[in-house]
There are 2 protein chains.
Amino acid sequence: MAGLNDRKQKILQAVVTDYIQTAEPVGSRAISRRYKLDLSAATIRNEMADLEELGFLTQPHTSAGRIPSQQGYRFYVDALMGPPSLSRQEEAYLANVFTQLQKMREIDQIVQQTAKVLSVLTSYTSLVLGPQFRHSTFKQMRLVPLDEEKALVVLITSTGHIKHRVINLPQALSSQELSQIVSYLNEQLAGQTIEGLSATRLRQLRSDLYARIELLSQLLLLLEESSTDGEGRVFLGGTSNILNQPEFKDVEKVKHLLTLFEEGSRLSFVLETSLAGVSIRIGTENVITEMSDCSLVTATYQLSNRPVGAIGVLGPTRMEYSRVITIIEHIASHLNFVVQD
Amino acid sequence: MAGLNDRKQKILQAVVTDYIQTAEPVGSRAISRRYKLDLSAATIRNEMADLEELGFLTQPHTSAGRIPSQQGYRFYVDALMGPPSLSRQEEAYLANVFTQLQKMREIDQIVQQTAKVLSVLTSYTSLVLGPQFRHSTFKQMRLVPLDEEKALVVLITSTGHIKHRVINLPQALSSQELSQIVSYLNEQLAGQTIEGLSATRLRQLRSDLYARIELLSQLLLLLEESSTDGEGRVFLGGTSNILNQPEFKDVEKVKHLLTLFEEGSRLSFVLETSLAGVSIRIGTENVITEMSDCSLVTATYQLSNRPVGAIGVLGPTRMEYSRVITIIEHIASHLNFVVQD
DNA sequence: CTTTAGCACTCATAAATAGAGAGTGCTAAA
DNA sequence: TTTAGCACTCTCTATTTATGAGTGCTAAAG
């Protein structure tokens, strides 16, 4: 890409750093004062004009300072960004959080809490996609009789994920027949991925056992829902944080984002399609148009070496990238240990 | 309370109705034009001055129209409010929604969907408190062995609510001993309310079975959490709707509410403490200070004739009360039928 | 050739001023 | 008791007028 000489890079870095902090267009004088580049304002002015022409900076209006363009941020993130840093307190806070998380048993709780922590630490909005189990495989199905009419079906995956439902028992079935059906299903389905329990496969089973159709359809419904179902739930944290950003002082701007936050499926799509590792999408690099004024930093977390979920931080393009990245890496990697249940 | 003569009531009603629609202070002329009270603007002016002195109206500034005071809204809601009305389409929409809800099995889904519907219909923000099971009684506990090391504990309440968890089995225990423990617990706890499983009671059991302490503590943990635990989860719908209200065009105003929306426990408290039936809290009648510019209309829904949850709509004090009340009653009562699982 | 000082110019933002309009309260007549 | 008339208040909008930060360009200095 661009062959920015050393000086241009330093200046660009200064502009981005300053703008991230102040949210105000930064002028040539401000830079020559605040950053010890040993250059006069005039020189910096010239370089900034160049940087603008190259597409790394923009001017809100003719006689204002410069602000980084999307391309400017991109270059900053790829090449200039300073080393990460967390304060002592933050480290301590994180450590404390993780011991808390360890204690929690309910996956929802863990995810929810993670979202909260992520937003508190970054002061942006956080998105957390709970673990996806559709890639895990069918382990077994159990039927626990509750009374004469009802029973509890328990579906267990290889990853230990459990789903249950109460179903009605047809009176006619003896308990023996019941256990036959269940063990038949267990045989047939063992080792299949949940995702792979496609409708056609299930339909075939259905015809195999057509005599027991009523009971069976209830069982199958549970399975079917497990494969499609709303596992992709996204938990949000710090949604009100965006209101602290000066770029969202206008209510109209916020409205689009807020509305987006209510559309779980679109959010989960964004997170599901993030690559393994940390990914950074700046401005219009985001597919979702509502996010085109924002940057989204995401990371996936693993479960037995397979990515099963993702966490993300959404803020203005003027985001404290290095800080956010550090935090998100930290949390994602620890989540690997916590989510083993 | 106040002995408002007929004419004053009519005028107050006109002011409130108009203000609810327009969100603009309403003047004497506007009323004499728009409402056929056959009175001149001057007369209305006099009456409005009286109404202000009596505390039902306020003036934003000396030469502006009047807007209803909190007391004004209260009187309107108690005495003046017009009859409810829903359009054909809305009725149809509702009917359709209910058939959809009937099909859903997962309680979370139902609650979530209800929140959404409520917010779409009212165009305010909706709060839905999922069914509370702490008043229901312990029915039975089951242990489903998964493999040699692990087992699934299933806790079932009289209302059919189910909670499960995987626990580790101490190697030393024979399956016979296991079932002994479980049946002992079943005996001891049968019929107790979940809430009543207080720490002391559980501690006593713990000492009874101190020999099996390791296993037991896992079981008891599940119970304990069931009695305290986050059952009081509140689902929100249409949070971005508040941004459409002109009274929240200022970001600062919104921020407080948005932040409140992230504090689940406070929200659930509000809903838990609402009376059976429909309740309307206007402005500072709300205990939560962040809501003092809002009105909250809530209704509880039943399960076997006992209130177990609540739904609510939060909007500006300038709310379409009669409309909201109709909708909320409608939905709450239907929820009674849907939530029987 | 690069850097810097100097200077005119641009443009947003803020403060000051002037009208316009909506609505009131009061008085006096119907 | 009601209504018409009128002066008065106060917000809101538009216009004007500074102010000042920051630029681009030119010409001199290194």
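Bear in mind that the values here come from a model prediction, so they are computed numbers and not experimental data.
Asn46(A) places its CG atom 9 Å from the C1' atom of dC25(D), with the value rounded to the nearest Å. In this structure, the CG atom of Asp18(B) is 15 Å from the C1' atom of dA22(C), given to the nearest Å. A straight line from CZ of Arg29(B) to P of dT3(D) spans 15 Å, rounded to a whole angstrom. Rounded to a whole Å, the NE2 atom of His61(B) is 13 Å from the P atom of dA22(C). One can place CD1 of Ile11(B) at 16 Å from P of dG23(C), the figure rounded to the nearest angstrom. Between the CD atom of Glu52(B) and the C1' atom of dG25(C) there is a distance of 12 Å, given to the nearest Å. Atom C1' of nucleotide dT2(C) and atom CG of Leu39(A) are separated by 11 Å, given to the nearest angstrom. Between the CG atom of Leu51(A) and the C1' atom of dG24(D) there is a distance of 16 Å, rounded to whole Å.
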task = Given salt bridge (Lys or Arg N to Asp or Glu O under 4.0 Å), test Asp293(A) with Lys253(A) step by step and report yes or no.
result = CA-CA 9 Å; Asp293(A) 291 331; Lys253(A) 293 254 178 66; 5.4 Å; no
request  = Check the pair Leu243(B) / Lys249(B) against side-chain contact (heavy atoms from CB on, under 4.5 Å), numbers first and verdict last.
outcome  = CA-CA 7 Å; Leu243(B) 300 180; Lys249(B) 70 179 192 310; over 6 Å; no
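Arg45(A) has no side-chain polar atom (N or O) that falls below the 4.0 Å cut-off from OP1 or OP2 of dA5(C). Close to dT24(C), at under 4.0 Å from its OP1 or OP2, lies a side-chain N or O of Ser28(B). The phosphate of dA12(C) (OP1 or OP2) has no side-chain N or O of Thr62(A) nearer than 4.0 angstrom.
With hydrogens and angles ignored, a donor-acceptor pair under 3.5 angstrom links the side chain of Ser63(B) to the base of dT9(D). No N or O donor and acceptor, one from the side chain of Arg33(B) and one from the base of dG23(C), sit under 3.5 Å apart.
When Watson-Crick and G-U wobble pairs are counted only if both distances are under 3.5 Å, dA30(C) pairs with dT1(D).
Here the options are Lys255(B), His256(B), Glu262(B), the test is side-chain hydrogen bond (donor to acceptor under 3.5 Å, both in side chains), and the partner is Ser240(A); only Glu262(B) passes.
In the set dT3(D), dT23(D), dG5(D), the nucleotide with an atom closest to the side chain of Arg66(A) is dT23(D).
Put simply, the side chain of Gln245(A) never gets that close to the backbone of Phe248(A): no donor and acceptor are under 3.5 Å apart. Judged purely by atom type and a 3.5 angstrom limit, Ser126(B) uses its side chain to pair as donor or acceptor with the backbone of Ala115(B).
Ala42(B) comes within 4.0 angstrom of a base, heavy atoms only.
Each of Ser40(B) and Gln59(A) has a nearest nucleotide on DNA chain D; the 5'-most of these lies closest to Ser40(B).
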